[in-house]
Structures are given as structure tokens and as C-alpha cells.
Amino acid sequence: MAARPFRQFVVKVHSRCDLACDHCYVYRHADQSWRRRPRVMAPRIVRATAERIAEHARSHRLTRVTVVLHGGEPLLAGPERLAALARELRRSLDGIAVLDLRMQTNGLLLDDEFCALLVRERIHAGVSLDGDRDSHDRHRVRADGSGSYDDTVRAVRLLGRPAHRPAFAGLLCTVDVSNDPDAVYGALAEVRPPRVDFLLPHATWDHPPARPHGTTDYADWLITAYERWNADDRPFSIRVFESVEAAAMGEPGFTEALGLGSPDLLVIETDGAIEQADWLKTVAEGAPETGYHVLVNSFDEAARHPGFQARALGLDGLPAQCRACPVVSICGGGLYGHRYRSGSGFVNPSVYCADLLKLIQHIQSSADPAQPHAVPSADIGALTAGGAPEHAAVLRLAEAQLDLRRSMLAYLHRAGVGSQDTWQALLELDGPALDLVLADPAVHAWAVTACSADARGQSVPDTEFLEGIALAAAFRAGQRLELTVPVGTHGVLRLPSVGRLRLLPNGGSLRSGQGVRAGTDGVRVWRADGGGAVWEPVQRLSLGGFEASLESNSLRPAGAGALPDLAAAWRRPLEAAWGVLAHRYPHQAAALAAGVTTLVLLDSEQAQDAPRPPFGALALAPPGTAQDLVLTLLREWQYAKFAALRDLHDLGGTGQEAALRQAYADLAVARAWHTRPGPAALDGAAHWGKRALAALDAFAAGSDAPTPAGLRLAADVRAAVGSLIEGS
């Protein structure tokens with residue numbers, strides 16, 4: 001079996017802890033290897049780990065990797081070591097992949113200095129909090145038995161302050177069915193987290209979880225929390241619930257405990273040992289071990305270890321009982337470690353099988369089919385707050401947009417737009433290559449126009465664009481496709497995300513050349529009249545973790561000269577602006593890089609007044625200073641997110657929507673000013689914040705009845721502006 005690349009790396013920076021939690025899988029279960037490991041990861045192991053991650057990313061052409069700083073308790077390593085580790089990782093990955101750096105902590109050592117370091121070094125911290133005082137202190141105690149609730153909540157509130165909130169990734173809460181789920185949920189909600197992860201306690205069939213009330217105690221507990229979350233209009237993200245909802249719609253789940261995806265995570269211990277996921281410590285002494293080490297072995301060698309290979313089997317690695325289950329595509333057999341039983345190993349259902357079945361079926365029955373493309377309310381909040389959770393919310397927003405674009409194409413198919421040959425080609429090419437094409441914002445713009453025209457009984461313009469989609473998908477898939485294409489009035493056929501052909505307007509037969517790949521010799525053209533065509537591949541620009549296609553706002557007809565070299569003209573100003581953006585606004589930069597595929601480069605500042613492009617594209621006027629371009633990028637990114645939300649939710653009448661849109665954009669500018677140094681920056685933040693509040697007042701005074709989604713977004717913007725002004 002071919003080795004699958006790893007994308008997540010858990011780095012154990014410190015192997016001891018300042019708590020003595022009685023449910024900890026590192027210290028209180030079968031594997032006790034922590035006793036033999038050094039307390040702190042040595043500098044040479046840090047360097048070797050960073051180099052191995054970079055080597056793996058380069059070898060597999062990964063554009064993004066996630067590193068989780070873990071322990072023990074990673075804060076025990078101290079601020080200097082953590083900062084040095086973060087810089088070593090970024091140095092090694094520079095020009096190779098974007099680093100998503102995270103940390104899981106109990107938070108006890110967090111203070112203003114530590115929080116400032118997390119923001120500065122772009123480390124997204126998750127804190128373990130099990131709910132209210134009684135619930136938390138039931139397990140999370142110090143060595144002397146005293147509780148840790150007060151210090152943990154102090155740390156969470158400190159991390160939630162405006163200056164530190166960009167580093168606040170969320171809370172981890174281990175479920176104990178002895179705790180009141182309403183009390184736990186209320187305590188978590190009270191500290192306003194961006195996200196909560198509910199974790200089932202690690203258990204196996206040899207050591208099953210406590211069930212004081214029945215066989216589905218954990219499902220009942222989680223269902224109570226789920227209903228409370230829904231009743232509160234989902235004020236923050238809860239990963240397990242959203243994962244079930246997403247998987248039920250055929251999308252990837254968000255937790256390794258649910259779903260059939262192959263494993264993409266490995267662990268590097270403080271001594272440099274390469275191991276499997278460390279929840280395997282619950283199974284047996286040495287269960288996570290591979291025998292590999294970062295000073296000797298590559299991660300590709302580790303990927304061929306039988307333990308990783310066994311987890312990559314998907315459905316084939318599950319017992320017959322699981323394969324026959326109606327929710328197996330969602331639960332995926334549950335967490336791998338929860339399947340273990342002496343004698344049969346991991347070829348068993350999860351010890352939480354009955355709980356997972358009941359929880360999934362409850363969420364499925366509660367799902368609202370009326371808004372299949374909507375994003376969760378918690379994601380709307382994350383997109384507005386602009387902190388660490390925005391990146392994941394953007395990925396889900398992009399998935400919803402892709403789903404919407406597929407629905408618009410399905411509508412056009414039913415309406416009889418386009419040839420049968422084209423639709424047959426699209427059906428045959430459906431898959432990752434077509435997804436890349438549909439991610440081009442030009443597809444969205446054309447599909448909206450086409451659907452609107454058909455709905456009004458008008459002829460659909462530019463129907464050749466549909467053939468362009470099919471040819472582009474064939475191009476990306478490396479497959480041969482021949483289609484007869486009616487050439488439009490401009491004599492230009494666009495292949496979205498790939499390039500365009502400039503032709504004479506008298507028809508012809510186009511085919512993607514056999515074996516042609518993106519970035520080689522483009523698309524070959526055979527003309528019935530023997531005429532030729534000019535192939536213009538999409539121009540692209542890479543900016544240290546951000547890659548985008550470049551387009552001009554001018555459509556050049558067949559008789560015009562060659563396109564100007566947009567990359568050459570814009571590279572230096574964009575590189576300078578992106579450097580400032582990535583350093584000063586790292587969370588917004590990471591989210592922007594995840595959601596933007598295209599930069600539309602305008603001829604003049606006046607062109608900025610034209611309608612803005614759909615989600616996935618930013619319109620940029622000729623740059624002034626680097627700082628001006630940074631503000632433009634942040635403002636246009638805010639407009640792009642708003643456009644996507646407007647596509648998916650009813651945000652209000654025309655006037656209300658315009659006011660809300662303006663407030664949303666002004667918030668981005670206020671946040672940018674707030675991050676700059678000096679008193680003038682605070683004045684700028686206050687000015688733009690007041691503009692946003694005035695726009696919100698106009699939204700509230702609108703003549704149309706406000707919609708729930710519009711009210712929620714307005715409340716999120718007002719809260720975000722209030723935090724900025726408070727922080728000023």
C-alpha cells in the first residue's frame with residue numbers, strides 16, 4: 001500500500017505536567033514510557049523535527065501542515081523555548097508550506113507575557129476546561145488533590161481578551177456522564193469560546209467506560225448539549241456535532257474520531273521518537289511505538305509502519321457488523337483506539353458504538369433540509385471575529401460555495417442549457433479535477449447570470465462557458481476531451497482556472513491534448529477551417545503560502561495584443577503587502593490564503609466602484625504603499641466573505657444588506673488600524689469602528705423586517721467593534 005502523507009504533527013515539547021488528572025491517557029494508562037523520556041525536547045531534536053516536517057512537505061508538495069505543541073504540559077517548556085521552536089518550524093517551512101501552529105494546554109501558566117507570545121508567534125492555543133467548578137475539578141486536579149478550576153478559567157478569560165483572542169483556538173472538554181450536561185454547557189458558553197471539542201474518555205473493550213445509567217449514557221449526555229446548543233442559536237462551533245452534520249451531507253468530518261479518512265497524524269516525542277497517535281497509550285505498553293527516530297528516519301519510512309498501514313484500510317479494516325451499519329460512512333467505526341480488545345486487536349466496533357449510532361441518528365433527524373448550503377451560526381461568528389477559528393470556518397464556507405455552484409449547474413442541466421455531450425463529459429469528469437475548476441469565482445459569476453436569465457425566460461448568455469468548464473476539468477485531469485464549441489462574440493473561450501483561447505468567431509473543434517497537464521503546452525486546437533488559436537494560460541503568483549491566479553478586469557478580444565505580464569507588474573507590491581499581512585495579521589492572512597483563488601487586478605481606482613467579484617476573488621486597484629495594499633486586501637477579503645454569506649443566507653432587504661455590508665467592511669479596516677502601533681492607530685481604529693456602528697444603526701433602522709441571519713451577523717459585528725474600541 002502506498003504511503004499516505006502526514007499533514008498533522010504532534011510535537012511533545014515537554015513530557016511532564018503540573019496537573020495530575022486521573023483520566024489522563026499519558027500518565028494513567030497502560031503505556032508508561034513518559035518515565036524514560038527527557039523532560040524537554042533538546043534543540044537538536046527540535047531542528048531535526050522541523051527539517052523532517054519540511055522534507056515531508058516538500059516531497060509531497062503539501063501547501064499547508066499543522067503542528068500541535070503538546071505534552072505533558074507544553075507551557076512548562078517556557079516562553080523562550082516555545083518561541084524558538086515556532087521560529088525554527090517557520091524557518092524550515094519557508095517557501096514550502098504554510099504552518100498552522102497550535103498548542104493544547106491546561107492554561108495554568110498563561111499570563112499576559114505568555115499570551116502576547118502566542119499572538120506574536122501565531123500559536124493557536126486550545127485550553128482544557130471540563131465545564132463548571134464541580135465538573136472540572138472532578139478530574140483535573142493538582143498532585144495535592146486541589147482543584148484547578150479557578151486558575152483555568154482565569155487563563156481562559158485572559159486568552160479571550162481582545163489583544164489575545166487571535167490566539168484563542170477554543171476549549172477541549174472531556175465528557176463525564178456524572179456531570180450535568182446543562183451545567184457543563186452553560187459554564188463553557190459563559191467564557192465565550194470560539195469553539196468547543198467534546199471528547200469521549202479514552203476506553204477499550206478491556207477497560208470500558210463507566211455507564212451508570214445505561215448503554216447510551218454518552219449519547220444522551222451529548223444530545224442534551226446538542227439541543228441546548230441549537231436552542232442558543234449555536235453561539236460557537238462544536239466540532240463533533242458539525243462533523244456529524246457535515247459527514248451526513250457527504251462532506252469530510254472534522255475529527256479523527258468520526259469518519260473513514262486515512263490517518264494523517266504522527267507524534268514526535270521529546271526524545272525524537274516517531275510514534276503513532278498517543279491515545280494508543282491506553283491499549284498497552286509500547287502500543288504507539290514505531291521504532292523510528294527523527295535523527296535517523298524520514299516520515300515516509302514511518303508511514304510504511306504496519307500500524308499506520310492498518311489504519312489506512314478504511315471500510316476494509318472494519319468488522320462485518322460495522323460495514324453493515326447504516327451510519328458507518330459517518331462514524332467510520334469511531335476512534336481507532338476505542339476498538340481495541342485483547343485477542344482480536346482493533347477489528348471490533350467502537351466501545352462507544354451504541355452511543356455513536358444514537359447520537360448520529362438524532363442529529364440526522366434534527367437537521368434542517370431547508371438550507372442545504374447554509375453555514376453554521378458559529379461559523380458566521382468566527383468569520384466576523386477574525387481570530388484563529390476563522391481558517392476552519394473559511395474552509396467550510398468554501399465547501400458550501402462549491403455545493404451551491406454544483407446546485408446551479410444541476411439547475412441548468414435540468415433546464416436544458418448546453419449540449420448532452422458536454423453534460424456527459426462533466427458527469428464523467430466529476431471529482432477533484434472538476435472541484436478545482438468550480439472553485440474559480442468566474443464559474444459562480446456565470447452560473448448566477450445563467451440561472452437568472454433562465455428563470456426570467458430569457459436566453460442564457462455565453463453558453464460556450466459550459467464547454468469551457470468541461471475542457472478545463474479534462475485539462476486538469478489529464479484526460480482527452482473533444483467538444484464542438486460555439487465561439488462567442490469576443491472570440492474568446494475561457495477555461496476557468498486554467499486559461500483561455502482566443503479564436504476567430506466561426507466555430508471549430510476543440511480538444512485538450514492527450515497527456516497535457518496544467519502548466520505545459522496548454523490546450524491543442526483543431527479547427528474545421530484550418531485556422532489557429534492563441535492559448536493564454538492563467539498567470540499565477542506565489543507569495544509564501546498564498547497562491548492565486550491573476551486576472552485583468554479588461555476582456556481582450558481576439559484581435560488585441562497579448563496580455564500584459566500581470567505577475568511581473570504586481571509581484572513586488574504584492575510581496576511587500578503580503579509580508580506585512582502575514583506578520584501583523586497572521587490569522588486573517590491564513591484565512592485569506594485558504595479562501596482566495598483569484599486576484600482581479602483593476603485598471604484604475606475608479607474601477608473599484610464596479611460590482612465586486614464573487615467569493616474566491618479579490619478586486620485590487622493599482623497599489624500605493626504596501627500599507628495601503630494591506631488595507632485593501634483586508635477590506636476586499638471582508639467583502640468577499642460577506643458576498644459568500646449573502647449567497648447562502650437571507651441577510652435582509654436591499655438597503656439593510658448594503659448597510660450591513662458596509663459595517664462588515666469597516667470592521668476589517670478598524671481591526672487593521674487597531675493592530676498598528678502608536679496613538680494614531682488607535683484613533684484610526686476608533687474612527688472606522690464608529691463608521692461601522694453608524695452603518696449598523698442604519699441597518700437597524702431599515703424599513704424591512706430584519707432576518708434572523710442578518711440580526712445575528714449585525715450582533716457579531718457590533719460585538720467585534722465593541723471589543724476593538726474597548727481594547728483601544
Engineer: Just by distance, do the side chain of Thr204 and the backbone of His338 share a donor-acceptor pair under 3.5 Å?
Structural biologist: no
Engineer: Less than 4.0 Å between a side-chain N and a carboxylate O, is that true for Asp151 and Arg142?
Structural biologist: yes
Engineer: Before accepting this row, confirm whether a basic side-chain N of the pair Lys12/Glu275 lies closer than 4.0 Å to the acidic partner's carboxylate O.
Structural biologist: no
Engineer: Would you say the ring centers of His124 and His587 fall short of 6.0 Å from each other?
Structural biologist: yes
Engineer: Regarding Asp100 and Arg7, does a basic nitrogen lie under 4.0 Å from an acidic carboxylate oxygen?
Structural biologist: no
Engineer: Just checking, any donor-acceptor pair under 3.5 angstrom between side chains of Ser15 and Glu269?
Structural biologist: no
Engineer: Please confirm whether the backbone N or O of Ser135 pairs with a side-chain atom of Asp130, one donor and one acceptor, at under 3.5 Å?
Structural biologist: no
Engineer: Does the side chain to side chain contact (heavy atoms under 4.5 Å, CB included) test come out yes or no for Tyr218 and Val177, once each step is laid out?
Structural biologist: CA-CA 6 Å; Tyr218 293 88; Val177 294; 3.6 Å; yes
Engineer: For Arg646, look at atom CZ and say whether over 12 heavy atoms of other residues, nucleotides or ligands are found less than 6.0 Å away.
Structural biologist: yes
Engineer: Between His56 and Phe6, is the ring-ring contact (aromatic ring centres under 6.0 Å, His included) condition met? List the steps.
Structural biologist: CA-CA 8 Å; His56 195 70; Phe6 298 104; 5.7 Å; yes
Engineer: Can you say whether the rings of Tyr226 and Phe241 are parallel (under 30°), tilted (30 to 60°) or perpendicular (over 60°)?
Structural biologist: perpendicular
Engineer: To the nearest 0.5 Å, tell me how far Leu318 CG sits from Cys331 SG.
Structural biologist: 7.5 Å
Engineer: With heavy-atom distances below 4.5 Å as the criterion, would you say the side chains of Thr152 and Ser128 are in contact?
Structural biologist: no
Engineer: Any side-chain heavy atom of Val351 sitting closer than 4.5 Å to one from Tyr340?
Structural biologist: no
Engineer: Do the side-chain N and O atoms of Glu73 and Thr105 include a donor-acceptor pair separated by under 3.5 angstrom?
Structural biologist: yes
Engineer: Just jot down the salt bridge (Lys or Arg N to Asp or Glu O under 4.0 Å) partners of Arg405, sequence neighbours excluded, or say none.
Structural biologist: none
Engineer: Okay, side chain of Gln104, backbone of Gly126: is any donor-acceptor separation there less than 3.5 Å?
Structural biologist: yes
Engineer: Any chance the rings of Phe299 and Tyr292 have centres within less than 6.0 Å?
Structural biologist: no
Engineer: Using a 3.5 Å distance criterion without hydrogens, assess whether the side chain of Trp205 forms a donor-acceptor pair with backbone atoms of Pro349.
Structural biologist: yes
Engineer: Do Asp137 side-chain atoms and Ser148 backbone N/O form a donor-acceptor pair below 3.5 Å?
Structural biologist: yes
Engineer: Going from CH2 on Trp229 to CG on Leu188, what distance comes out if it is rounded to the nearest 0.5 angstrom?
Structural biologist: 13.5 Å
Engineer: Ignoring hydrogens and angles, tell me if any N or O in the side chain of Ser344 forms a donor-acceptor pair with the backbone of Val347 under 3.5 Å.
Structural biologist: no
Engineer: How many angstroms lie between atom CG of Leu402 and atom CZ of Phe615, to the nearest 0.5 angstrom?
Structural biologist: 11.0 Å
Engineer: Salt bridge check, Asp206 against Arg341: does any charged N sit closer than 4.0 Å to a carboxylate O?
Structural biologist: no
Engineer: Considering only NZ, NE, NH1 and NH2 on the basic side and carboxylate oxygens on the acidic side, decide whether Glu190 and Arg133 come within less than 4.0 Å.
Structural biologist: no
Engineer: Measure the shortest side-chain to side-chain distance between Arg228 and Asp182 over non-hydrogen atoms and say whether it is less than 4.5 angstrom.
Structural biologist: yes
Engineer: Say you draw a straight line from CD1 of Ile274 to CD of Glu301; how long is it, rounded to the nearest 0.5 Å?
Structural biologist: 8.0 Å
Engineer: What pairs meet the salt bridge (charged side-chain N to carboxylate O under 4.0 Å, His left out) rule with one or both residues in residues 214-223, with sequence neighbours excluded?
Structural biologist: Asp220-Lys358
Engineer: Would you call Tyr352 and Pro208 a side-chain contact if the rule is heavy atoms closer than 4.5 Å?
Structural biologist: no
Engineer: For the atom pair CG (Leu69) and CG (Leu101), what is the distance rounded to the nearest 0.5 Å?
Structural biologist: 4.5 Å
Engineer: Residues in side chain to side chain contact (heavy atoms under 4.5 Å, CB included) with Pro194, at least two apart?
Structural biologist: Arg165, Phe168, Pro389
Engineer: For a quick test of reading the model, state the closest non-hydrogen atom pair linking Gln364 to Val327 and the distance between them.
Structural biologist: OE1-CG1, 4.2 Å
Engineer: Check whether Arg102 reaches the backbone of Val10 with its side chain - one donor and one acceptor, N or O, closer than 3.5 Å.
Structural biologist: no
Engineer: Is there side-chain contact between Val196 and Arg239, with at least one heavy-atom pair below 4.5 Å?
Structural biologist: no
Engineer: Would you say the side chain of Leu359 lies within less than 4.5 Å of the side chain of Leu357, judging by non-hydrogen atoms?
Structural biologist: no
Engineer: Kindly indicate, with the supporting measurements, whether the criterion side chain to side chain contact (heavy atoms under 4.5 Å, CB included) is fulfilled by Leu110 and Leu118.
Structural biologist: CA-CA 10 Å; Leu110 282 178; Leu118 297 179; 4.0 Å; yes
Engineer: Do you see a donor-acceptor pair shorter than 3.5 Å between the side chains of Asn179 and His136?
Structural biologist: no
Engineer: Could you go through the salt bridge (charged side-chain N to carboxylate O under 4.0 Å, His left out) check for Asp355 and Arg211 one step at a time?
Structural biologist: CA-CA 11 Å; Asp355 297 288; Arg211 296 186 183 278; 2.8 Å; yes
Engineer: Is any side-chain heavy atom of Thr384 closer than 4.5 Å to a side-chain heavy atom of Phe642?
Structural biologist: no
Engineer: Does Arg339 reach the main-chain N or O of Gly334 with its side chain, forming a donor-acceptor pair under 3.5 Å?
Structural biologist: yes
Engineer: Using only atom types and a distance under 3.5 Å, with no angle test, would you say the side chain of Arg140 pairs donor to acceptor with the backbone of Cys21?
Structural biologist: no
Engineer: Can you tell me if His213 has over 12 outside heavy atoms packed within less than 6.0 Å of its NE2?
Structural biologist: yes
Engineer: Among side-chain atoms of Tyr149 and Asp132, is any donor-acceptor pair under 3.5 angstrom?
Structural biologist: no
Engineer: Is there a side-chain contact between Leu129 and Leu172 (heavy atoms, below 4.5 Å)?
Structural biologist: no
Engineer: Run the salt-bridge test on Arg712 and Asp716 with the 4.0 Å N-O cut-off and return the result as yes or no.
Structural biologist: yes
Engineer: Output yes when Arg406 and Asp435 qualify as a salt bridge under the 4.0 Å nitrogen-oxygen rule, no when they do not.
Structural biologist: yes
Engineer: Could you walk me through whether Arg195 and Leu171 pass the side chain to side chain contact (heavy atoms under 4.5 Å, CB included) test, one step at a time?
Structural biologist: CA-CA 6 Å; Arg195 169 174 292 133; Leu171 302 175; over 6 Å; no
Engineer: The test is salt bridge (charged side-chain N to carboxylate O under 4.0 Å, His left out); show your working for Arg234 and Glu242 and say whether it passes.
Structural biologist: CA-CA 10 Å; Arg234 305 187 175 198; Glu242 292 167 348; 5.6 Å; no
Engineer: When rounded to the nearest 0.5 angstrom, what distance separates CG in Asp197 from OG in Ser237?
Structural biologist: 7.5 Å
Engineer: Decide yes or no on side chain to side chain contact (heavy atoms under 4.5 Å, CB included) for Thr270 and Ile268, but give the supporting numbers first.
Structural biologist: CA-CA 7 Å; Thr270 53; Ile268 303 96; over 6 Å; no
Engineer: If only atom types and distance count, is the side chain of His14 paired as donor or acceptor with the main-chain N or O of Arg16 below 3.5 Å?
Structural biologist: yes
Engineer: Salt bridge between Arg304 and Asp300, side-chain N to carboxylate O under 4.0 Å?
Structural biologist: no
